[in-house]
Amino acid sequence: MKYFKKIALAALALLTCTITMYAYAVTHPTNAMSHKACTSWDMVKRKAFLMSHSDYSSKPVLDLATFHIAQDSATEVPVLMYHYIQPKINNHETNNKSIINLEDFEENMKYLHEEGYNTITLEQLEQYVNGQISLPKKSIVITFDDGYQNNYTLAYPVLKKYNFHASLFVIGSKIQDQPSPFDPAKNTFISKQEMQAAKDVFEFNSHTYNLHHKGYMRCGDNVPVGLDTSLLNDDVKLMKETGIDTPYLAYPFGYTSTQMIYQLQQNGYRMAFSVRSGFVRPGDNPMKLPRLTVTTGTDLAALLHPESDQQQEILPVVEISH
C-alpha cells in the first residue's frame, strides 16, 4: 500500500510540476525554458489523447513477422515530390527548393522512361503498403503538391509523352473556376476545366481545402493551421464538396500530429504523405509515408540508387503534438 501511495504522490508531483511549467510558458511565450515546458506539456496531452482514444492505432495493417516479399518484386517504392515547374529562363529563384526547371523535369522523365520505370497509382501503393499486392521492381509514384497551373501546361505534356501517371495534391480553395491565360512568369493555379482535361494522366487528391498556410501559434512558433484540429472537419467537408473525395492526402508543409492523423482517419483518410525523405516499404505507417524531393539540379539516378542507407539524407517527420 505504501508503495502505491508513493507512486501516486510522485505522479501528482510530476503533474503539478508540468502544469506549473505550462503556466510559466503561457506567461513567458518567448523564453527558451517556457518553450521546453510547452513541448513537455504537449507530450503529456498526446499521451492523454492516446489513452482516451483506444480506437487510434499507428500500427501497420501488415504483420511483418509473417510477410514475405515475392521474388523479383519491389522491396521499396520511391515517391517523387515536385511542386512548381518553370522554364529555366523564367526561374529567378534558383535556391527555391519548390521549383524545378522545365528542362530538368523533362530530363527526369526521360531518365525514368529509359530506365524502364513504371508509374503506379496511389491505390496500388496503398495495397502494396498493406501487403495486398506485389509490384514490379521499378515501380515509382510521381506526385505534385499545391496544384499550380504549370503542372498542367508544362508537366502534363511531358508525362503524357512517356505514358506516365501522376498524383496532384491540390489546395481546394485555389482551384480556379475558369482557366487563366498561362504566363510562366506568374504564379497561377489549375482550373476545373484543366483538371478535367488532365484526368488521363493525373489523379487529384487533397492538400486540404484552405489549411495550407501558417498562423497557428504553438509554443511560440508559427506553424500550419492544419494542426488546429478544430478546423479539420469543416475543411474536409469543403474539400469533398469540390469533388476531391479520395482517401489520400499530403500534409501542408509536411506538418502533422497524432491528433490530426486521428481526425483525418475519422473522416475516411487512409494514406497520407509527409516531406520526410525515404522510400515506401510494405508495413510502413500509411499515414506517415515519406517522399523524395526533386528540384533543379537533383541527380535523380543518385536519389533513386543511394549507395547505402547511411548516405541517404533522411529528414525527420515534422510531427507536432498539441
Side-chain angles (χ1 to χ4, degrees), residues 78-119 140-205 207-208 212-214 224 250-254 273 275 277 291-306 313 315:
V79 180
L80 303 182
M81 178 175 62
Y82 295 95
H83 286 80
Y84 198 92
I85 312 291
Q86 193 169 55
K88 184 177 181 179
I89 193 173
N90 298 113
N91 186 3
H92 305 299
E93 300 178 65
T94 53
N95 293 323
N96 190 332
K97 298 301 182 182
S98 292
I99 298 176
I100 183 169
N101 291 340
L102 173 60
E103 294 82 354
D104 287 51
F105 178 73
E106 289 178 328
E107 283 299 315
N108 285 179
M109 297 304 105
K110 180 181 178 183
Y111 170 82
L112 294 177
H113 176 74
E114 291 178 347
E115 291 296 311
Y117 278 90
N118 174 58
T119 54
I140 196 166
V141 176
I142 300 174
T143 68
F144 295 79
D145 282 9
D146 302 335
Y148 294 109
Q149 188 183 26
N150 54 49
N151 296 169
Y152 170 70
T153 55
L154 301 179
Y156 170 78
V158 179
L159 292 164
K160 190 174 178 66
K161 174 182 176 181
Y162 294 112
N163 196 31
F164 283 162
H165 177 88
S167 172
L168 185 51
F169 291 103
V170 295
I171 302 169
S173 61
K174 299 291 188 181
I175 299 172
Q176 304 299 298
D177 290 328
Q178 297 296 330
S180 303
F182 180 64
D183 182 345
K186 291 184 178 180
N187 183 1
T188 51
F189 288 87
I190 197 168
S191 67
K192 295 175 182 177
Q193 181 178 323
E194 290 163 330
M195 289 171 64
Q196 184 64 32
K199 287 178 68 175
D200 58 332
V201 167
F202 284 112
E203 60 175 284
F204 297 96
N205 296 290
H207 206 27
T208 72
H212 195 282
H213 57 94
K214 295 185 178 181
Y251 299 110
F253 305 101
F273 296 85
V275 297
S277 183
R291 290 186 286 177
L292 300 172
T293 299
V294 191
T295 187
T296 298
T298 296
D299 185 336
L300 192 58
L303 187 68
L304 295 174
H305 304 287
E313 182 185 10
L315 301 176

> Which heavy atom in Leu292 sits nearest to a heavy atom in Ser277, and how many Å separate them?
Replying inline: CD2-OG, 3.6 Å

> Stepwise, does the side-chain contact (heavy atoms from CB on, under 4.5 Å) test hold for Phe273 with Asp145?
Replying inline: CA-CA 10 Å; Phe273 296 85; Asp145 282 9; over 6 Å; no

>> According to side chain to side chain donor-acceptor pair (under 3.5 Å), who are the partners of Asn96, at least two apart in sequence or on a separate chain?
In response: Glu93

> In Å and rounded to the nearest 0.5 Å, what is the CG to OH distance from Asn91 to Tyr84?
Replying inline: 9.5 Å

>> List the residues meeting side chain to side chain contact (heavy atoms under 4.5 Å, CB included) with Pro184, not counting sequence neighbours, and say none if there are none.
In response: Pro87, Asn90, Phe182

> Can you tell me how far the OG1 atom of Thr298 sits from the OH atom of Tyr82, to the nearest 0.5 Å?
Replying inline: 8.0 Å

> Does the side chain of Asn150 reach to within under 4.5 Å of the side chain of Gln86, using non-hydrogen atoms?
Replying inline: no

> At their closest point, which heavy atom of Phe164 faces which heavy atom of Met109, and how far apart are they?
Replying inline: CE1-O, 3.6 Å

> Are any non-hydrogen side-chain atoms of Phe144 and Leu159 less than 4.5 angstrom apart?
Replying inline: yes

> Do you know which two heavy atoms are closest between Ala198 and Phe204, and how far apart they sit?
Replying inline: CB-CZ, 4.4 Å

> Who passes salt bridge (charged side-chain N to carboxylate O under 4.0 Å, His left out) against Lys97, sequence neighbours left out?
Replying inline: none

> Residues two or more places apart in sequence or in another chain: which of them pass salt bridge (charged side-chain N to carboxylate O under 4.0 Å, His left out) with Glu115?
Replying inline: Lys138

> So do Tyr111 and Glu107 actually touch side chain to side chain, heavy atoms under 4.5 Å?
Replying inline: no

> For Tyr152, what residues pass the side chain to side chain donor-acceptor pair (under 3.5 Å) criterion, not counting sequence neighbours?
Replying inline: none

> Would you call Asn108 and Leu80 a side-chain contact if the rule is heavy atoms closer than 4.5 Å?
Replying inline: no

>> Checking Ile175 now: which residues fulfil side chain to side chain contact (heavy atoms under 4.5 Å, CB included) with it, not counting sequence neighbours?
In response: Val170, Lys192, Met195

>> Quick check for you: to the nearest 0.5 Å, what is the distance between His83 atom NE2 and Asp146 atom CG?
In response: 5.0 Å

> Do Ile100 and Val294 have side-chain heavy atoms sitting under 4.5 Å apart?
Replying inline: yes

> Can you tell me how far the CG atom of Leu102 sits from the OG1 atom of Thr296, to the nearest 0.5 Å?
Replying inline: 10.0 Å

> Is the count of non-hydrogen atoms from other residues, nucleotides or ligands lying under 6.0 Å from Asn187 atom CG greater than 12?
Replying inline: yes

>> Taking salt bridge (charged side-chain N to carboxylate O under 4.0 Å, His left out) as the definition, give me every residue that meets it alongside Asp200, ordered by chain and number, with sequence neighbours left out.
In response: Lys160

>> Working note: Ile85 + Val158, criterion side-chain contact (heavy atoms from CB on, under 4.5 Å); need CA distance, chi angles, decisive distance, verdict.
In response: CA-CA 11 Å; Ile85 312 291; Val158 179; over 6 Å; no

> In Å, rounded to the nearest 0.5 Å, how long is the span from OG of Ser167 to CE of Met81?
Replying inline: 12.5 Å

>> With a 3.5 Å distance limit and no angle check, can you tell me whether Thr119 reaches the backbone of Ile140 through a side-chain donor-acceptor pair?
In response: no

> Atom CZ in Phe189, atom OH in Tyr148: separation rounded to 0.5 Å?
Replying inline: 5.0 Å

>> Test of understanding: with side chain to side chain donor-acceptor pair (under 3.5 Å), list the residues that count as partners of His165, not counting sequence neighbours.
In response: Glu203

> Among all residues two or more places apart in sequence or in another chain, which pass the side chain to side chain contact (heavy atoms under 4.5 Å, CB included) test with Asp299?
Replying inline: Ala301, Ala302

>> Checking His113 now: which residues fulfil ring-ring contact (aromatic ring centres under 6.0 Å, His included) with it, not counting sequence neighbours?
In response: Tyr162

>> Strictly distance-based, threshold 3.5 Å: is any side-chain N or O of His212 a donor or acceptor partner for the main-chain N or O of Pro252?
In response: no

> What residues form a side chain to side chain donor-acceptor pair (under 3.5 Å) with Gln149, not counting sequence neighbours?
Replying inline: Thr188, Glu194

> Are Thr143 and Val79 side-chain neighbours, meaning at least one heavy-atom pair lies under 4.5 Å?
Replying inline: yes

>> I'd like to check the side chain to side chain contact (heavy atoms under 4.5 Å, CB included) partners of Lys214; sequence neighbours left out, ordered by chain and number.
In response: Asn222, Pro224, Phe253, Tyr255

